[in-house]
Participant: 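Below: one structure in structure tokens.
Nothing fancy with the numbering, it's 1 onward along the sequence. Please read all numbers here as calculations on a predicted model, not as lab measurements.
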Amino acid sequence: MTIRSVLVTGSNRGIGLEIIKTFLNRSPPPEKLFATCRDPDGPRSEELKNLASKHNNLVILQLDATNPDSIKKAVKNVEEHLEGAGLNLLLNNAGIMSHVNLDNVDSEDMINVFKTNVVGPMQVSQAFYPLLKESADARSQEPLSCKKAAVVNISSVLGSIERTSVTYDPAKQVVSYRISKALLTTEQSANGILKVLGSLTEKENGILMAWDGKVIPW
């Protein structure tokens, strides 16, 4: 799978950072790989900056998915780097998890989580849509794929209503889920995600898939 340009949000740590590493290790890697995060100059971005010093195709940009002005600035920077070529793949990975339960959750906490995890990806996708459309129009005769133009939202099995009985523990909330995730390394997850990206077609539009390509019921 050769994708000319990719943008990953929330890419200075965790699965986002591992996705960046995996893309860089592919042969050939994307011509332009945009790694965005809220604070590219902060201590949590040191590993990302180290990668950028070794790979001239990696561009680090500031992007806060909850801040429209930050998003607009990132779009402008990406557009300048792409020089009219359009963006092939947008990976909405940035997200937060609030470790609260029904006893102590409040409206402010709910709003903050929804603003980052739901409204954020919508705002980012909306802002980058013209660049994605530019890429899609240039390959109008090709079938839908990540090489043409696509938006992929990195989610979680916790987003599945049907799986609630499996993932929810009234006593421990999401603790059991976090422990089970420890069985899978970020490297394994990132490699699986890139394999899935290479297989996506129009028939997978709008579905929830696991890192190994298995469909997760909504």
Side-chain angles (χ1 to χ4, degrees), residues 1-24 26 28-42 44-45 47-49 51-53 55-96 111-140 142 144-155 190 193-194 197 200 205-206:
M1 175 184 64
T2 303
I3 305 175
R4 183 181 183 275
S5 56
V6 181
L7 186 144
V8 185
T9 66
S11 57
N12 62 332
R13 59 195 178 100
I15 187 62
L17 178 61
E18 199 62 46
I19 288 174
I20 292 294
K21 291 179 181 178
T22 307
F23 267 120
L24 290 173
R26 295 188 76 85
E31 293 180 27
K32 293 292 182 180
L33 182 55
F34 300 98
T36 77
C37 57
R38 289 184 177 184
D39 185 14
D41 296 319
R44 288 184 171 182
S45 300
E47 190 171 358
L48 187 59
K49 288 188 287 186
L51 286 172
S53 69
H55 301 273
N56 57 17
N57 61 328
L58 178 58
V59 180
I60 302 176
L61 298 173
Q62 195 278 334
L63 189 155
D64 181 345
T66 66
N67 186 322
D69 290 335
S70 170
I71 297 171
K72 289 178 183 178
K73 185 177 179 181
V75 171
K76 184 178 180 180
N77 286 330
V78 170
E79 188 173 17
E80 290 174 353
H81 279 283
L82 291 175
E83 300 177 336
L87 180 66
N88 295 125
L89 177 60
L90 168 62
L91 281 173
N92 283 313
N93 170 72
I96 59 174
I111 290 170
N112 286 336
V113 172
F114 270 77
K115 191 175 182 181
T116 301
N117 295 359
V118 180
V119 180
M122 182 277 293
Q123 291 184 143
V124 173
S125 299
Q126 186 179 52
F128 280 97
Y129 175 75
L131 290 177
L132 290 160
K133 186 176 186 300
E134 193 171 352
S135 177
D137 289 344
R139 299 188 174 195
S140 59
E142 298 181 17
L144 183 63
S145 72
C146 293
K147 292 188 293 184
K148 183 178 182 179
V151 176
V152 175
N153 297 318
I154 304 298
S155 185
I193 288 172
L194 262 66
L197 291 177
L200 294 180
N205 185 32

Participant: Can you see which heavy atom on Cys146 is nearest to which on Val152, and at what distance?
Facilitator: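 Of all heavy-atom pairs spanning Cys146 and Val152, the closest is SG-CG2, 4.5 Å.
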
Participant: Under the 3.5 angstrom rule, does the side chain of Ser45 hit a backbone N or O of Asp41 as a donor-acceptor pair?
Facilitator: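 The answer is no, because no donor-acceptor pair under 3.5 Å joins these two groups.
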
Participant: For Asp39, is there any backbone N or O sitting under 3.5 Å from a side-chain donor or acceptor partner on Arg44?
Facilitator: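 Such a contact is absent between Arg44 side chain and Asp39 backbone.
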
Participant: Is it true that atom NZ of Lys73 has more than 12 heavy atoms of other residues, nucleotides or ligands lying nearer than 6.0 Å?
Facilitator: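 No, the 6.0 Å shell around NZ holds no more than 12 heavy atoms from other groups.
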
Participant: Write down the atom of Ala65, the atom of Val124, and the distance for their closest heavy-atom approach.
Facilitator: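 Of all heavy-atom pairs spanning Ala65 and Val124, the closest is CB-CG2, 3.9 Å.
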
Participant: Kindly determine whether Arg38 and Thr116 satisfy side chain to side chain contact (heavy atoms under 4.5 Å, CB included), including the steps that lead there.
Facilitator: CA-CA 12 Å; Arg38 289 184 177 184; Thr116 301; 3.4 Å; yes

Participant: Locate the shortest heavy-atom distance separating Leu63 from Ala74; write the atom from each residue and the value.
Facilitator: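 That would be CD1-CB, 3.5 Å.
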
Participant: Using a distance-only test with no angle check, is there a side-chain donor-acceptor pair under 3.5 angstrom linking Asn93 and Ser11?
Facilitator: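 Per modelled atom types, Asn93 and Ser11 side chains form no pair under 3.5 Å.
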
Participant: Could you tell me whether the side chain of Asn88 and the main chain of Lys148 form a donor-acceptor pair under 3.5 Å?
Facilitator: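 Yes, the answer is positive, given that a donor and an acceptor are paired below the 3.5 Å cut-off.
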
Participant: So, taking the atom named OG1 in Thr9 and the one named CZ in Phe128, what distance separates them when rounded to the nearest 0.5 Å?
Facilitator: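 If I round to the nearest 0.5 Å, the distance is 9.5 Å.
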
Participant: Taking everything shown except Lys49 itself, do over 12 heavy atoms lie less than 6.0 Å from its NZ?
Facilitator: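 Above 12, so yes.
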
Participant: Any donor-acceptor pair under 3.5 Å linking the side chain of Asn57 with the backbone of Pro30?
Facilitator: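 Side chain of Asn57 to backbone of Pro30: a pair is present.
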
Participant: For the CD atom on Glu47, are there more than 12 heavy atoms of other groups (residues, nucleotides or ligands in this structure) within a distance under 6.0 Å?
Facilitator: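 Not more than 12 within 6.0 Å, no.
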
Participant: Nearest 0.5 angstrom please: Glu79 CD to Glu134 CD, how far?
Facilitator: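 Result: 7.0 Å between the selected atoms.
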
Participant: Nearest 0.5 Å, please: how far is SG in Cys37 from CG in Asn12?
Facilitator: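 Reported value, rounded in 0.5 Å steps: 4.0 Å.
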
Participant: Counting N and O atoms only, with roles assigned by atom type, does the side chain of Gln62 sit under 3.5 Å from a partner on the main chain of Pro40, one being a donor and the other an acceptor?
Facilitator: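 Side chain of Gln62 to backbone of Pro40: no pair is present.
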
Participant: Sub-3.5 Å donor-acceptor pair from the side chain of Ser5 to the main-chain atoms of Gly86, do we have one?
Facilitator: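 Looks like yes, one N/O pair under 3.5 Å.
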
Participant: How many angstroms lie between atom CG of Leu7 and atom CG of Leu131, to the nearest 0.5 angstrom?
Facilitator: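 CG of Leu131 is found 9.5 Å from CG of Leu7.
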
Participant: To check you understand the geometry: which heavy-atom pair defines the closest contact between Glu80 and Glu83, and what is its length?
Facilitator: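 Glu80 and Glu83 have their closest heavy atoms at O-CG, 3.4 Å.
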
Participant: Ala149 and Leu87: which non-hydrogen atoms are nearest, and at how many Å?
Facilitator: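 Closest pair (atom of Ala149, atom of Leu87, distance): CB-O, 4.3 Å.
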
Participant: Is the shortest side-chain heavy-atom distance between Leu91 and Leu197 below 4.5 Å?
Facilitator: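 Sidechains of Leu197 and Leu91: in contact.
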
Participant: So which atom in Asn92 and which in Pro121 form the shortest heavy-atom distance, rounded to 0.1 Å?
Facilitator: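 In this case the closest contact between Asn92 and Pro121 is ND2-O, 3.6 Å.
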
Participant: Between CD of Gln123 and OG of Ser125, what distance do you get to the nearest 0.5 Å?
Facilitator: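 Spacing of CD (Gln123) from OG (Ser125) equals 10.0 Å.
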
Participant: Kindly indicate, with the supporting measurements, whether the criterion side chain to side chain contact (heavy atoms under 4.5 Å, CB included) is fulfilled by Ile193 and Ile15.
Facilitator: CA-CA 10 Å; Ile193 288 172; Ile15 187 62; 4.1 Å; yes

Participant: Given the rule in the side chain to side chain contact (heavy atoms under 4.5 Å, CB included) test, do Phe34 and Leu82 qualify, once you have shown the distances and angles that lead to the verdict?
Facilitator: CA-CA 10 Å; Phe34 300 98; Leu82 291 175; 3.9 Å; yes

Participant: Can Leu48 and Leu17 be said to form a side chain to side chain contact (heavy atoms under 4.5 Å, CB included), step by step?
Facilitator: CA-CA 7 Å; Leu48 187 59; Leu17 178 61; 4.0 Å; yes

Participant: Once you round to the nearest 0.5 Å, how far does CG of Leu194 lie from OG1 of Thr22?
Facilitator: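 Between atom CG of Leu194 and atom OG1 of Thr22 there are 6.0 Å.
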
Participant: With no hydrogens and no angle check, is any side-chain donor or acceptor of Ser145 less than 3.5 Å from a backbone partner on Leu200?
Facilitator: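 Here the side-chain-to-backbone pair does not exist.
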
Participant: Between Thr66 and Lys115 (side chain of the first, backbone of the second, donor and acceptor by atom type, cut-off under 3.5 Å), is there such a pair?
Facilitator: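 Pair absent, no side-chain N/O of Thr66 close to backbone of Lys115.
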
